[in-house]
Amino acid sequence: MENQKIAQIFQEIGDMLEITGDSVFKIRSYHRAAQVVANYPYHLRDIYEKDPKLLDKIPGIGKSLMGKIIEILDTGDCKKHLQLVKQIKPGLLDIMKLRGIGPKKTKLFHDELSIDSVAKLKSAAKRGLIRELSGMGEKSESEVLKSIESYGRLKARIPMYEALDIAEEIISYMKKSDAVSKVEYAGSLRRRLETVGDVDILACGDKPEEIIKYFCDFPFISHIESRGNTKTTVILENGMQVDLRVVSKDDFGAALYYFTGSKAHNITTRKIAQKMGLKINEYGVFKGNKKIICRTEEDVFKAINLPYIIPEMREDTGETDFIKPIEISDIKGELHSHSDWSDGENTITEMAETAKKTGYEFIAITDHSASLKIAHGLDKTRLEAQIKEIETLNKKIEGIKILTGAEVDILRDGSLDLPDSILKKLDIVIASVHTYFRLTREEQTARIIKAISNPFVKIIGHPTGKLIGMREAYDIDLVKVMEAAKKHNVAIELNCNPKRLDLSAEHLRMAKDMGVMISLGTDSHGTSQLSYIKYGIFMARRGWLEKKNILNTMDYASILSSKHHE
DNA sequence: GCCGTTTTCGGCCCGACTGTTTTCAGTCG
Ligand SMILES: Nc1nc2c(ncn2[C@H]2C[C@H](O)[C@@H](COP(=O)(O)OP(=O)(O)OP(=O)(O)O)O2)c(=O)[nH]1
Ligand SMILES: [Mg+2]
Ligand SMILES: [Mg+2]
Ligand SMILES: [Zn+2]
């Protein structure tokens, strides 16, 4: 399994970076990526062969890790890993696996005493060398020996069904104590992993010390690793580790949520809470000093405004990625509008002022091209004059950027009504069909794809030509059109005119799934129509669109710099 | 190294227990 191999390499890089003392966040990234890849349902090689760029869509995988995945798929390993393997002796990773010994102590032993294996560590501890190190003492030294001792006897991961038996036995034992109000198993066992590293038990009651004391009297305990007021760790006679956590009754839900994990899931939802100005810990959800009491797990989800997620899904593999529907305030500008230079009612200045009042950063003036005679379409010469005019207006008018543009007609054969020599001077080129609606499906599709492949086209306007209740969409293969749009990095318009609403919701959803950007354009022929954006937002929400799917949620600089050809 | 309703730079979850320490670092959950 290549995914497992990649996961292991990332895990090892993370472990070795801990010893070298690299950034804890970088280390977390490697470890998280290792988890994600290990749990990923598809072969990364298949994804790579289909479209390498899809790799960095995987949560926790960015440009750098994507590069390393590709490197490993191509060569079997990556340079970063090989270089660390050379630098860090394998014995150090063994030492770090010992309980109570992490990267800092491992490095200390290595730097001060040249210890690079568990055997050398054992002999150094026996000779009393460890206690001499700064920050170490007699107890730390004997802890080192104890963990080396117990390491051999420690159970590896246990099958879930065995752990379940033991957990249930512990729980029925715990229920016999009057101090215990509620008790449940948590951790990987509650998430139903095939194997578990330990058994995690959560109990609540008014007298936590009594609960801990009672637990430590459980008959099959071999020894107690640690014991505090709220939690204790013990090792059973069969070598299994059991962690007990104790909280008050009011906090049971928050604690169960914390203790069920996974760790990565906890971190992700805690980050979500942070963004909302909240803090999650095992005692509840906090807004400043105010505590939102969580007696049940559902209370935690409610407090952070998420639907309940079952334990079995809490692995941070995307289960918290709920859709954040587009909102009208996400729209940063207008990309489809007409002025009185063609068939619009208002001047460019009036359109710009209204856009400014709407709160927009930009408005593109996209008048018709010459073949639409009825609309007084602009030819090359008039369009050049309009570009000059907009240049002047941009100097005069503050607080709004007017983008130059055109809604250029797609001619019958798919060529455009304006030459490339002028199109390339424009900020926003929309290409639209206004004639020959009755071509065959093949012809119509080919026609539009040809327009899409023009290097200066940014958007395909009102892509199906429908007029609600008046004119059917023309026959066209939208899947092929969207594939082409994706390939050429062209956006598809959602025309917001309420008589058009073109594309419809199901096709918007398709575009989203295919990774095609949508441009919300009002096609305004007057200042009052800029408000049609709201109808577009309605449809976009029906199509499950989010901010990231929509072109005019970006600032205009990003829109203009988005390049065309791959 | 990742990531974006405030961000393309500057953040990154939060707390318990232990040993060594006069105030916290390391490790673990
Ligand atoms: N917030 C937070 N929770 C953690 C962290 N580490 C562990 N937890 C929580 C989530 C875990 O599921 C739970 C129990 O810890 P374990 O180490 O036993 O992990 P878990 O049971 O998930 O896996 P395991 O099969 O035991 O290796 O404690 C952490 O670093 N932060
Ligand atoms: Mg566990
Ligand atoms: Mg545990
Ligand atoms: Zn049009």
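So that the names make sense, note that chain A is the first sequence line, chain B the second, and so on, each numbered from 1. For clarity, every value in this text was computed on a predicted model and none was experimentally measured.
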Undergrad: Do A:E210 and A:K213 sit within salt-bridge range, that is, some charged N less than 4.0 Å from a carboxylate O?
TA: no

Undergrad: Quick one, give me the B/S/- string for nucleotides 23-29 of chain B, reading 5' to 3', where B means a protein heavy atom under 4.0 Å from the base and S means that only happens at the primed atoms, P, OP1 or OP2.
TA: ---SSSB

Undergrad: Using the P atom in both, what is the distance from B:dT21 to B:dA16, to the nearest Å?
TA: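 The same atom, P, in both gives a distance of 24 Å.
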
Undergrad: Between A:T233 and A:D243, does any side-chain donor sit less than 3.5 Å from a side-chain acceptor?
TA: yes

Undergrad: Passes salt bridge (charged side-chain N to carboxylate O under 4.0 Å, His left out), A:E18 versus A:K107? Steps please.
TA: CA-CA 9 Å; A:E18 283 189 303; A:K107 185 167 193 301; over 6 Å; no

Undergrad: According to the Watson-Crick and G-U wobble definitions, with both distances under 3.5 Å, which nucleotide is paired to B:dT8?
TA: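 Answer to the pairing question: none, since B:dT8 forms no Watson-Crick or G-U pair.
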
Undergrad: Take A:K68 and A:E71 through the test salt bridge (charged side-chain N to carboxylate O under 4.0 Å, His left out) and record every step on the way to the result.
TA: CA-CA 5 Å; A:K68 291 189 174 66; A:E71 195 184 345; over 6 Å; no

Undergrad: Rounded to the nearest angstrom, tell me the gap between atom NZ in A:K63 and atom C1' in B:dC3.
TA: 11 Å

Undergrad: Taking any heavy-atom pair under 4.0 Å as a contact, classify A:D330: base, sugar-phosphate, or nothing.
TA: base

Undergrad: If the cut-off is 4.0 Å, is A:Y283 near the phosphate of B:dA16, judged by side-chain N/O to OP1 or OP2?
TA: yes

Undergrad: Using the side-chain heavy atoms of A:E327, tell me which of these nucleotides is nearest: B:dG15, B:dT5, B:dG19.
TA: B:dT5

Undergrad: For atom C1', what is the distance between B:dT8 and B:dC3, given to the nearest Å?
TA: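 The answer is 9 Å between these two C1' atoms.
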
Undergrad: Could you work out the separation of B:dT7 and B:dG11 based on their C1' atoms and round it to a whole Å?
TA: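 One C1' to the other, the span is 9 Å.
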
Undergrad: Taking only residues two or more places apart in sequence or in another chain, which ones pass side chain to side chain donor-acceptor pair (under 3.5 Å) with A:T296?
TA: A:D299

Undergrad: Check A:R191 with A:E315, please: is the shortest side-chain N to carboxylate O separation under 4.0 Å?
TA: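 Yes, charged N to carboxylate O under 4.0 Å.
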
Undergrad: I'd like the C1' distance from B:dC12 over to B:dT6, given in whole Å.
TA: 16 Å

Undergrad: If I pick the P atom on B:dT5 and the same atom on B:dG1, what distance separates them, to the nearest angstrom?
TA: 23 Å

Undergrad: Quote, to the nearest angstrom, the C1' distance that separates B:dG15 from B:dG10.
TA: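 It comes out at 24 Å once rounded to the nearest Å.
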
Undergrad: What is the distance from CG of A:L278 to C1' of B:dC14, rounded to the nearest Å?
TA: 15 Å

Undergrad: If the cut-off is 4.0 Å, is A:S140 near the phosphate of B:dT18, judged by side-chain N/O to OP1 or OP2?
TA: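 So the side chain of A:S140 is outside the cut-off, no N or O lying under 4.0 Å from OP1 or OP2 of B:dT18.
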
Undergrad: Base, sugar-phosphate alone, or nothing: which one does A:I267 contact when heavy atoms must sit under 4.0 Å apart?
TA: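 Base contact - A:I267 has a heavy atom under 4.0 Å of at least one base atom.
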
Undergrad: Side-chain N or O of A:S64 versus OP1/OP2 of B:dG1: is the shortest distance under 4.0 Å?
TA: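 True: A:S64 side-chain N/O within range (under 4.0 Å) of B:dG1 OP1/OP2.
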
Undergrad: In whole angstroms, how far is the P atom of B:dG10 from the NZ atom of A:K26?
TA: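 So the two atoms are 18 Å apart, to the nearest Å.
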
Undergrad: Between A:D217 and A:Y173, do the side chains contain a donor N or O and an acceptor N or O under 3.5 Å apart?
TA: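 No, because no side-chain N or O of A:Y173 sits under 3.5 Å from a partner of the opposite role on A:D217.
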
Undergrad: Which donor-acceptor pairs under 3.5 Å do side chains of residues 79-96 of chain A form with protein atoms, sequence neighbours excluded?
TA:
residue	atom	partner	partner atom	Å
A:H81	ND1	A:D77	OD1	2.9
A:H81	ND1	A:D77	OD2	3.3
A:H81	NE2	A:E12	OE1	2.9

Undergrad: Measure from the side chain of A:S29, starting at C-beta and using heavy atoms only, and say which of B:dG19, B:dC2, B:dT5 lies closest.
TA: B:dC2

Undergrad: In this structure, how many angstroms lie between the P atom of B:dC17 and the CG atom of A:L244, rounded?
TA: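 My rounded result for the distance is 11 Å.
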
Undergrad: Starting the side chain at C-beta, find the nucleotide from B:dC17, B:dG4, B:dC14 nearest to A:K275.
TA: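 Comparing B:dC17, B:dG4, B:dC14 against the side chain of A:K275, the answer is B:dG4.
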
Undergrad: Considering only the P atoms, how many Å lie between B:dT20 and B:dC14, rounded to the nearest integer?
TA: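 Their P atoms lie roughly 30 Å apart.
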
Undergrad: Between P on B:dT20 and CD1 on A:I130, what's the gap in Å once rounded to a whole number?
TA: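 Rounded to whole Å, this separation is 12 Å.
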
